[in-house]
Amino acid sequence: MITETQELVVFHAVVKHASYVKAAEELSLSASGVSRIVTRIEERLGVRLVQRTTRKLSLTEAGSAFYARTSQILMDLAEAEAEVQETQLHPRGTLRMSASIVFGQLYVAPLLDQLLSRFPELSVELNLGNRFVDLIEEGVDLAIRIGSLGDSRLVARRLCTNKRILVASPSYLERRGTPKSVDDLREHDCVVFTGFSKPREWKLLGPKGTVTVAVSGRVTTNNVEVLTSTAKHGHGITVGATLSVGPALLSGELVRVLPDYEFEPTAVFAVFPSSRQLSSKVRATVDFFAENLKDPPSWDRSLSGRVEGFP
């Protein structure tokens, strides 16, 4: 069995003071407790370390050798602790980070300058893509994800709400008319998002609770960029997360449809591998994004007073 660090601390205090009593006072232990710890080390090693006399304690030859070698161990531990504490205050190293293309371009990348300025010893490797990234297998420190989460190996911190509303282009509404009720959606072309469990059944939250309506359309896709682009070109009504359709709403390329209704909101999360000791660079970065991507998120604030349903 390996000698524990606390045992070494006790042994070194005894050597420093040449006294069980004074070592006990320094460490807030009893003298008998200190004596038992030293005896336990000696029994484990099978050699006497301390020579006890009625007047003082002194080291044996073996004790002197053990003290010299373990002094370096305790010094190394102290330096390691100091280094970790310094890193905690000043996160450093390379952070490997993942996000979807749209979210990464619009909302993560613009924050990098502020993040790097706050932590000058931190470097960021930002990988954008719409494929699923296995953080553990691919060695990714942190991901920003939207929607439901299912990997029990990961820890998720909720950042903000992801609102999802109905949108269409002015040209489509001019050509086909503006729906006045949820039932009217049955008669309209809809750009269908296949990422839903039931893509052609839209569940909308309204003034009287949840309403389900069957929809159809000529275009279906699992890609939010295609969804938004197809709607902007006048091919139907679609669901749009405000974080992706916000710019088009502000420019007038899209307008909100049935503003009293929206899809159940999801959330934006910071996700990282579970660990009992979270690295300071991940902890600091997660805290940074929690500070900058909080409710109401910036993309919804930009719509306030300019788009119906955003006070």
Side-chain angles (χ1 to χ4, degrees), residues 86-136 138-149 151 154-165 167 223-225 227-229 240-251 253-254 265-275 278-307 310-311:
E86 176 68 14
T87 302
Q88 182 67 30
L89 295 173
H90 305 287
R92 60 169 62 94
T94 299
L95 179 89
R96 298 194 65 209
M97 187 174 176
S98 169
S100 67
I101 294 174
V102 170
F103 193 87
Q105 289 176 334
L106 292 178
Y107 306 110
V108 176
L111 291 172
L112 288 184
D113 181 61
Q114 185 180 342
L115 176 67
L116 296 174
S117 296
R118 181 177 298 185
F119 305 117
E121 296 181 75
L122 182 68
S123 300
V124 176
E125 179 185 318
L126 177 61
N127 295 299
L128 302 183
N130 292 332
R131 71 176 182 86
F132 175 81
V133 175
D134 188 317
L135 273 62
I136 295 175
E138 300 183 39
V140 177
D141 298 304
L142 173 66
I144 305 297
R145 289 184 175 169
I146 303 167
S148 59
L149 305 169
D151 194 334
L154 304 179
V155 176
R157 180 170 174 181
R158 188 184 188 282
L159 300 177
C160 59
T161 302
N162 173 40
K163 288 176 66 71
R164 301 178 298 175
I165 61 176
V167 296
N223 184 281
V224 294
E225 293 114 296
L227 207 69
T228 302
S229 175
T242 53
L243 61 86
S244 60
V245 300
L249 289 170
L250 292 174
S251 68
E253 294 174 282
L254 292 174
T266 59
V268 179
F269 296 92
V271 182
F272 45 92
S274 60
S275 173
L278 183 62
S279 70
S280 60
K281 65 183 179 182
V282 174
R283 187 187 306 278
T285 305
V286 170
D287 288 344
F288 171 83
F289 281 105
E291 173 188 333
N292 287 276
L293 297 176
K294 58 186 177 182
D295 280 327
S298 60
W299 52 88
D300 283 352
R301 293 197 302 270
S302 70
L303 301 177
S304 180
R306 305 177 67 179
V307 175
F310 292 88

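Residue numbers start at 1 and run along the sequence shown. Remember, predicted model here, so these are calculated numbers, not experimental data. Quick note: numbers below take in every heavy atom, side chains included, and nothing from hydrogens, waters or symmetry partners.
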Report the distance from atom CG of Leu303 to atom OG of Ser298, rounding to the nearest 0.5 Å.
10.0 Å
Checking the side chain of Thr161 only, and the main-chain atoms of Ala267 only, is there a donor and an acceptor separated by less than 3.5 Å?
no
Knowing that exactly one of Val140, Asp141, Leu126 qualifies, which makes a side chain to side chain contact (heavy atoms under 4.5 Å, CB included) with Leu95?
Asp141
Heavy-atom closest contact (Gly104 atom, Ala99 atom, distance)
CA-CB, 4.1 Å
Does Glu291 have any side-chain hydrogen bond (donor to acceptor under 3.5 Å, both in side chains) partners at least two apart in sequence or in another chain, and if so, which?
Arg118
Taking Asn130 for its side chain and Ile101 for its backbone only, find out whether a donor-acceptor pair lies under 3.5 Å.
yes
Please report the interatomic distance CZ(Phe269) to SG(Cys160), rounded to the nearest 0.5 Å.
9.5 Å
What's the separation between atom OG in Ser244 and atom CD in Gln105, rounded to the nearest 0.5 Å?
12.5 Å
Heavy-atom closest pair, residues Val133 and Ser98
CG2-OG, 3.7 Å
Can you give me the closest heavy-atom contact between Leu243 and Leu106, atom names plus distance?
O-CD1, 3.6 Å
Which pair of heavy atoms, one from Leu135 and one from Ala143, lies closest together, and at what distance?
CD1-CB, 3.9 Å
So, does Arg283 use its side chain to make a donor-acceptor pair with the main chain of Pro91 at under 3.5 Å?
no
Parallel, tilted or perpendicular, as decided by the 30° and 60° cut-offs, for the rings of Tyr107 and Trp299:
tilted
Report the distance from atom CG of Leu111 to atom CZ of Phe289, rounding to the nearest 0.5 Å.
5.5 Å
To the nearest 0.5 Å, tell me how far Asn292 CG sits from Gln114 CD.
4.5 Å
Side chain to side chain contact (heavy atoms under 4.5 Å, CB included) with Leu254: of Val307, Val167, Ile165, only one passes, and it is Val167
Using every non-hydrogen atom in the two residues, find where Lys281 and Thr285 come nearest and quote the distance to one decimal.
O-OG1, 2.7 Å
Roughly how far apart are Leu159 CG and Arg157 CZ, rounded to 0.5 Å?
7.5 Å
All heavy atoms of Leu142 vs all of Ala270, minimum pair found to be CD1-CB, 4.0 Å
Sequence neighbours excluded - salt bridge (charged side-chain N to carboxylate O under 4.0 Å, His left out) pairs with any residue from residues 293-306
Arg158-Asp295
If only atom types and distance count, is the side chain of Arg164 paired as donor or acceptor with the main-chain N or O of Thr266 below 3.5 Å?
no
